[in-house]
Q: 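I am attaching a structure below and will ask some questions about it afterwards.
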Amino acid sequence: WKNLHTTSLCIFLFFVVEKLKELHPDVHFEIVAMSTTGDKILDTALSKIGEKSLFTKELENALEKNEVDLVVHSLKDLPTVLPVGFTIGSVLKRENPHDAVVLHPKHKGKCLDSLANKSVVGTSSLRRAAQLKKRFPHLEFKDIRGNLNTRLKKLDEKDDFSAIILAAAGLRRMGWENRISQILGPDDCMYAVGQGALAVEVRARDQDILEMVSVLNDSDTVLRCMSERAFLKHLEGGCSVPVAVYTEVKNSQLYLTGAVYSLDGSDSLKETMQTSISSDNQVEEQEKVDEKVQRVGITALKVSEAAQDAAVKLGVDLGNLLLSKGAKEILTVARQLNDAR
């Protein structure tokens with residue numbers, strides 16, 4: 001049997017376990033739930049904490065000690081470079097990756113455009129705040145921390161916020177889709193790298209477990225997220241700077257839009273590039289997949305090497321394009337201003 005470990009949002013874990021049970025009915029799965037340091041720090045903005053490892057360290061320690069065999073994460077919580085000995089063995093089909101507006105009950109029926117001047121909107125994300133400050137200049141944005149329950153309670157039981165911004169995928173997985181008042185499209189707010197996707201982290205040396213979880217891989221999601229992670233890695237970005245993406249697959253083409261912003265959104269760079277991930281290439285390469293190759297922290301068994309390489313190159317190329325136009329300067333200033341706050 002196999003143990004699984006996860007962060008405090010156990011609903012993600014149960015979803016993955018049910019998928020694995022369907023595909024491996026002969027395997028017994030024991031669930032071990034655990035909170036991380038990042039889950040417990042609820043009074044500091046994520047951008048001030050700075051380290052994504054606060055959401056993964058305890059879980060990876062358990063993996064290293066062989067106390068568990070798999071760890072379930074939100075992919076956006078995982079750094080683009082994992083500690084030696086670990087890898088993302090599967091990336092599940094992506095939920096809606098966009099951000100959602102959840103309104104205070106007294107504002108039911110409204111949207112961000114129709115909220116009164118100086119209405120306060122809660123978000124702990126520099127990425128969201130930077131984009132929305134520019135798009136909705138009549139609103140004010142303030143930090144709000146805590147898990148989904150905590151943030152919804154702060155919204156509903158006080159008058160501090162007219163609305164809060166949350167990931168649509170998280171609300172849907174928790175069964176709170178009815179709280180979504182508005183989905184923010186890419187023209188309003190592009191999303192975080194990996195947002196909406198679940199990842200299963202394993203020990204890189206455990207080939208049997210890698211093989212077992214590989215059946216959960218969704219090829220389009222893997223390729224989209226690889227391009228996003230390569231883009232973020234090349235920019236040397238993280239949760240302490242405003243970096244946003246938008247990806248889609250159409251007619252065997254992978255499209256990646258990436259952007260960087262100043263903290264107030266007044267300065268930004270945004271570009272789109274594309275690459276071919278044709279199914280013909282994937283079929284030709286299927287037998288030659290190197291199961292030991294890790295790309296931006298992901299080992300994607302049974303996904304075409306050519307397509308993976310193209311996705312990573314796309315992210316690097318787009319990163320280089322933005323860097324050539326001044327992205328480093330924008331991000332450096334944003335990081336310095338955030339650190340000084």
Q: Between the main-chain N or O of Cys111 and the side-chain N or O of Ser114, is there a donor-acceptor pair closer than 3.5 Å?
A: yes
Q: Of Asp317, Asn320, Thr80, which meets side-chain hydrogen bond (donor to acceptor under 3.5 Å, both in side chains) against His234?
A: Asn320
Q: Counting heavy atoms not belonging to Glu64, are there more than 12 under 6.0 Å from its CD?
A: no
Q: Output, in order, the C-alpha distance, side-chain angles, deciding distance and verdict of side chain to side chain donor-acceptor pair (under 3.5 Å) for Thr272 and Thr257.
A: CA-CA 4 Å; Thr272 300; Thr257 300; 2.7 Å; yes
Q: Assess the residue pair Phe141 and Lys133 against the criterion (side-chain contact (heavy atoms from CB on, under 4.5 Å)); give the C-alpha distance rounded to whole Å, side-chain angles, the decisive distance to 0.1 Å, and a yes or no.
A: CA-CA 7 Å; Phe141 296 87; Lys133 282 176 183 177; 3.6 Å; yes
Q: Check for a donor-acceptor pair, side chain of Glu95 on one end and backbone N or O of Ala197 on the other, with a separation under 3.5 Å.
A: no
Q: Do you know which two heavy atoms are closest between Leu321 and Ser324, and how far apart they sit?
A: O-OG, 2.6 Å
Q: Applying the 4.5 Å side-chain criterion to the ILVMFWY set and letting contacts propagate, would Leu254 and Leu232 be lumped into a single cluster?
A: yes
Q: Are Asp156 and Arg151 within salt-bridge range, i.e. N to O under 4.0 Å?
A: no
Q: Looking at Arg135 and Asp188, is any side-chain nitrogen of the basic one under 4.0 Å from a carboxylate oxygen of the acidic one?
A: yes
Q: Could you check whether Lys65 pairs with Glu60 (Lys NZ or Arg NE/NH1/NH2 to Asp/Glu carboxylate O, under 4.0 Å)?
A: no
Q: Which residue in the set Leu210, Val16, Ile88, Leu13 passes side chain to side chain contact (heavy atoms under 4.5 Å, CB included) when paired with Val200?
A: Val16
Q: Hydrophobic clusters here meaning ILVMFWY residues chained together by side-chain heavy-atom distances under 4.5 Å, can you tell me if Leu318 and Ile330 are in one?
A: yes
Q: For Lys76, is there any backbone N or O sitting under 3.5 Å from a side-chain donor or acceptor partner on Ser74?
A: no
Q: Over all heavy atoms of both residues, which pair between Ile180 and Ile183 is shortest? Give the atoms and the distance, please.
A: CG2-CD1, 3.8 Å
Q: Which value, rounded to the nearest 0.5 Å, describes the distance between Thr247 atom OG1 and Phe231 atom CZ?
A: 11.5 Å
Q: Where do Asp160 and Lys142 land on the salt bridge (Lys or Arg N to Asp or Glu O under 4.0 Å) test, with the steps shown first?
A: CA-CA 10 Å; Asp160 296 346; Lys142 292 186 179 179; over 6 Å; no
Q: Assess the side chains of Asn61 and Glu67: does a donor N or O sit below 3.5 Å from an acceptor N or O?
A: no
Q: Would you say the side-chain atoms of Arg335 and Asn338 include a donor-acceptor pair closer than 3.5 Å?
A: no
Q: Hey, is Lys325 close enough to Glu271 for a salt bridge, meaning N to O under 4.0 Å?
A: yes
Q: Where is the tightest heavy-atom contact between Leu256 and Ser227, given as atom of each residue plus distance?
A: CD2-O, 3.8 Å
Q: Given side-chain contact (heavy atoms from CB on, under 4.5 Å), test Asp220 with Val222 step by step and report yes or no.
A: CA-CA 5 Å; Asp220 282 359; Val222 167; over 6 Å; no
Q: Between Glu201 and Val71 (side chain of the first, backbone of the second, donor and acceptor by atom type, cut-off under 3.5 Å), is there such a pair?
A: no
Q: What closest approach, in Å, do Ala300 and Gln308 show between heavy atoms, and which atom pair accounts for it?
A: O-NE2, 3.2 Å
Q: Main chain of Leu322, side chain of Lys270: is a donor-acceptor contact present, judged purely on distance under 3.5 Å?
A: no
Q: Given 3.5 Å as the limit, does a donor-acceptor pair link the side chain of Thr332 with the main chain of Lys328, or not?
A: yes
Q: Check for me, please, whether Met273 and Val245 land in the same ILVMFWY cluster - side-chain distances under 4.5 Å, paths through other members count.
A: yes
Q: NZ of Lys110: more than 12 outside heavy atoms within 6.0 angstrom?
A: yes
Q: Does Leu75 form a side-chain contact (heavy atoms from CB on, under 4.5 Å) with Leu198? I'd like the steps, not just the answer.
A: CA-CA 5 Å; Leu75 182 57; Leu198 293 180; over 6 Å; no
Q: Considering all heavy atoms of both residues, which atom of Ala167 and which atom of Arg128 are nearest to each other, and what is their separation?
A: N-NH2, 3.3 Å
Q: Is there side-chain contact between Leu263 and Pro242, with heavy atoms separated by less than 4.5 Å?
A: yes
Q: Give a yes or no on whether the backbone of Asp26 and the side-chain of His24 come within a donor-acceptor separation of less than 3.5 Å.
A: no
Q: So, do Tyr255 and Thr275 sit near enough that their side-chain heavy atoms are less than 4.5 Å apart?
A: no
Q: Atom CG in Asp99, atom CG in Leu184: separation rounded to 0.5 Å?
A: 6.0 Å
Q: Tell me, do Leu235 and Val260 make a side-chain contact under 4.5 Å, heavy atoms counted?
A: yes
Q: Are the side chains of Arg203 and Asn66 in touch, meaning some heavy atoms are under 4.5 Å apart?
A: yes
Q: Given Lys233 and Glu228, is the salt bridge (Lys or Arg N to Asp or Glu O under 4.0 Å) satisfied, shown in steps?
A: CA-CA 9 Å; Lys233 180 182 177 183; Glu228 294 170 16; over 6 Å; no
Q: For the atom pair CG (Leu152) and CH2 (Trp176), what is the distance rounded to the nearest 0.5 Å?
A: 5.5 Å
Q: Pairing donors with acceptors under 3.5 angstrom, does anything connect the side chains of Asn217 and Ser214?
A: no
Q: Output, in order, the C-alpha distance, side-chain angles, deciding distance and verdict of side-chain contact (heavy atoms from CB on, under 4.5 Å) for Val241 and Arg127.
A: CA-CA 7 Å; Val241 290; Arg127 170 190 58 82; over 6 Å; no
Q: With a 3.5 Å distance limit and no angle check, can you tell me whether Asp206 reaches the backbone of Ile209 through a side-chain donor-acceptor pair?
A: no
Q: Could you tell me the separation between the NE2 atom of His138 and the CG atom of Leu115, rounded to the nearest 0.5 Å?
A: 6.0 Å
Q: What residue among Val91, Leu78, Leu82, Thr87 forms side chain to side chain contact (heavy atoms under 4.5 Å, CB included) with Ile298?
A: Val91
Q: Going hydrophobic residue to hydrophobic residue with side-chain gaps under 4.5 angstrom, can you get from Val202 over to Leu20?
A: yes
Q: Any chance CD of Glu236 has more than 12 other-residue heavy atoms, nucleotides or ligands included, within less than 6.0 Å?
A: no
Q: Using a 3.5 Å distance criterion without hydrogens, assess whether the side chain of Arg94 forms a donor-acceptor pair with backbone atoms of Asp218.
A: no
Q: Measuring from Ser262:OG to Leu126:CG, what's the distance to the nearest 0.5 Å?
A: 11.0 Å
Q: How long is the straight-line distance from CG of Leu314 back to OG of Ser276, given to the nearest 0.5 Å?
A: 11.0 Å
Q: Assess whether a salt bridge exists between Arg295 and Glu305, defined as any Lys/Arg side-chain N lying under 4.0 Å from an Asp/Glu carboxylate O.
A: yes
Q: So, does Arg205 use its side chain to make a donor-acceptor pair with the main chain of Phe86 at under 3.5 Å?
A: no
Q: Looking only at heavy atoms, what is the nearest atom pair of Met190 and Ala259, with distance?
A: CE-CB, 3.4 Å
Q: Between Lys134 and Tyr261, is NZ or CZ placed under 6.0 angstrom from the six-membered ring centre and within 45° of the ring axis?
A: no
Q: Grouping I, L, V, M, F, W and Y whenever their side-chain heavy atoms are under 4.5 Å apart, do Leu92 and Leu171 come out in a common cluster?
A: yes
